[in-house]
Asker: 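One structure, pasted below without further comment.
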Amino acid sequence: QVQLVESGGGLVQTGGSLRLSCAASGRTFSSYTMGWFRQAPGKEREFVAGISWTGGSTYYADSVKGRFTISRDNTKDTVYLQMNNLKPEDTAVYSCAASVYRGHYYSPREYNYWGQGTQVTVSS
């Protein structure tokens with residue numbers, strides 16, 4: 001089992017940047033596929049970005065491609081989400097998640113462990 005704690009959320013103006021972090025503890029972090037999801041009020045949770053257990057493969061939702069970058073540091077048991085050129089529609093609670101499966105996974109059902117989330121608010 002792994003415990004996940006996100007940080008780095010906040011309030012930012014349109015066009016600004018934020019860097020989210022997700023620190024893991026427990027079982028070997030490097031064995032998990034990691035993902036970032038977000039959920040806006042009244043909407044379903046949606047996939048944002050994913051990264052393979054080695055960090056060698058990354059994949060993104062079309063809505064964030066070219067603006068967001070996911071990365072991981074397995075020596076620090078941490079995954080990051082660099083968010084640039086933020087838009088008001090990016091406003092949501094962002095959560096990281098860990099999957100025991102190896103591959104590209106876009107559905108929340110394919111992830112086994114979740115953090116509590118961090119709020120990102122982008123003002124217009």
Asker: State, yes or no, whether a side-chain contact exists between Leu86 and Leu18 at a heavy-atom distance under 4.5 Å.
Answerer: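 They are in contact (side-chain heavy atoms under 4.5 Å apart), so the answer is yes.
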Asker: Begin with the C-alpha distance, continue with both residues' side-chain angles, and end with the deciding distance and a verdict on side-chain contact (heavy atoms from CB on, under 4.5 Å) for Asn112 and Tyr101.
Answerer: CA-CA 9 Å; Asn112 308 95; Tyr101 307 111; 4.3 Å; yes
Asker: Give the minimum heavy-atom separation between Ser21 and Trp36, together with the two atoms involved.
Answerer: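 That closest heavy-atom pairing would be O-CH2, 3.8 Å.
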Asker: Looking only at heavy atoms, which two atoms of Ser17 and Asn85 are closest? And how far apart?
Answerer: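 Residues Ser17 and Asn85, closest heavy atoms: OG-N, 4.3 Å.
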Asker: I'd like to know if the side chain of Thr78 and the backbone of Asp73 have a donor-acceptor N/O pair within less than 3.5 Å.
Answerer: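 Checked: no pair found.
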Asker: Salt-bridged, Arg72 to Asp77, with N to O below 4.0 Å?
Answerer: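 No salt bridge links Arg72 with Asp77.
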Asker: Step by step, work out the side-chain hydrogen bond (donor to acceptor under 3.5 Å, both in side chains) result for Glu89 and Thr91.
Answerer: CA-CA 5 Å; Glu89 51 264 43; Thr91 295; over 6 Å; no
Asker: May I ask whether Leu81 and Tyr105 are part of the same hydrophobic cluster, defined by side-chain heavy atoms of I, L, V, M, F, W, Y residues being less than 4.5 angstrom apart, directly or through others?
Answerer: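 Yes, Leu81 and Tyr105 fall within the same hydrophobic cluster.
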Asker: Are any non-hydrogen side-chain atoms of Tyr80 and Arg19 less than 4.5 angstrom apart?
Answerer: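 Yes, at least one pair of side-chain atoms sits under 4.5 Å.
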Asker: For the backbone of Gly26 and the side chain of Gln1, can you confirm whether one donor and one acceptor N or O come within less than 3.5 Å of each other?
Answerer: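 A pair under 3.5 Å: no.
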Asker: What heavy-atom pair brings Ala24 and Val2 nearest, and what distance separates the two atoms?
Answerer: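 Scanning both residues, the minimum pair turns out to be CB-CG2, 3.7 Å.
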Asker: Could you pull out the closest heavy-atom pair between Val64 and Val48, with the gap in Å?
Answerer: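 Result for this residue pair: CG2-O, 3.5 Å.
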Asker: How close do Asn74 and Trp53 get, heavy atom to heavy atom, and via which atoms?
Answerer: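 Reported closest heavy-atom pair: ND2-O, 3.1 Å.
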Asker: What's the separation between atom OG in Ser57 and atom CD1 in Ile51, rounded to the nearest 0.5 Å?
Answerer: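 It comes to 8.5 Å.
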Asker: Mind running side-chain contact (heavy atoms from CB on, under 4.5 Å) on Arg38 and Ser63 for me, showing each step along the way?
Answerer: CA-CA 12 Å; Arg38 67 186 182 187; Ser63 60; 3.5 Å; yes
Asker: Is there side-chain contact between Gln116 and Glu6, with at least one heavy-atom pair below 4.5 Å?
Answerer: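 Result yes, sub-4.5 Å side-chain heavy-atom pair found.
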Asker: Test of understanding: clusters of I, L, V, M, F, W, Y form through side-chain heavy atoms closer than 4.5 Å, transitively. Do Val93 and Trp114 belong to the same one?
Answerer: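 Different hydrophobic clusters.
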Asker: Side-chain contact, heavy-atom cut-off 4.5 Å: Tyr111 with Phe47?
Answerer: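 Yes, close enough: below the 4.5 Å cut-off.
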Asker: Measure the shortest side-chain to side-chain distance between Gln39 and Glu46 over non-hydrogen atoms and say whether it is less than 4.5 angstrom.
Answerer: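 No, too far: nothing below the 4.5 Å cut-off.
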Asker: I'd like to know if Phe68 and Leu20 are part of one continuous hydrophobic network [Ile/Leu/Val/Met/Phe/Trp/Tyr, side-chain heavy atoms within less than 4.5 Å].
Answerer: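 Yes: a chain of side-chain contacts under 4.5 Å links Leu20 to Phe68.
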Asker: Taking only Lys NZ, Arg NE, NH1 and NH2, and the carboxylate oxygens of Asp or Glu, determine whether Asp90 and Lys87 approach each other closer than 4.0 Å.
Answerer: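 The answer is no: the pair does not qualify as a salt bridge.
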Asker: For Lys43, is the NZ atom crowded, meaning more than 12 foreign heavy atoms sit under 6.0 Å from it?
Answerer: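 Open.
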Asker: Would you name the heavy atoms of Ser71 and Val79 that are closest together and state the gap between them?
Answerer: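 Minimum heavy-atom contact is O-CG2, 3.0 Å.
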Asker: Let me check something: do Phe37 and Tyr59 share a hydrophobic cluster, defined by ILVMFWY side-chain heavy atoms less than 4.5 Å apart, either directly or through other members?
Answerer: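 Yes, it is one cluster - the side chains of Phe37 and Tyr59 are joined through contacts under 4.5 Å.
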Asker: Within the distance-only criterion (no hydrogens, no angle test), does the side chain of Tyr94 pair as donor or acceptor with the backbone N or O of Ser7 below 3.5 angstrom?
Answerer: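 No, Tyr94 side chain to Ser7 backbone: no donor-acceptor pair under 3.5 Å.
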Asker: Do other residues, nucleotides or ligands put more than 12 heavy atoms under 6.0 Å from Gln13 CD?
Answerer: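 Atom CD in Gln13 is not packed in, count stays at 12 or less.
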Asker: With the side chain counted from C-beta on, respond yes when Arg102 and Tyr32 share a heavy-atom pair under 4.5 Å apart, and no when they do not.
Answerer: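 The answer is no; the side chains never approach within 4.5 Å.
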Asker: Does one hydrophobic cluster hold both Val100 and Met34, with members joined at side-chain heavy-atom distances below 4.5 Å?
Answerer: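 Yes, same cluster.
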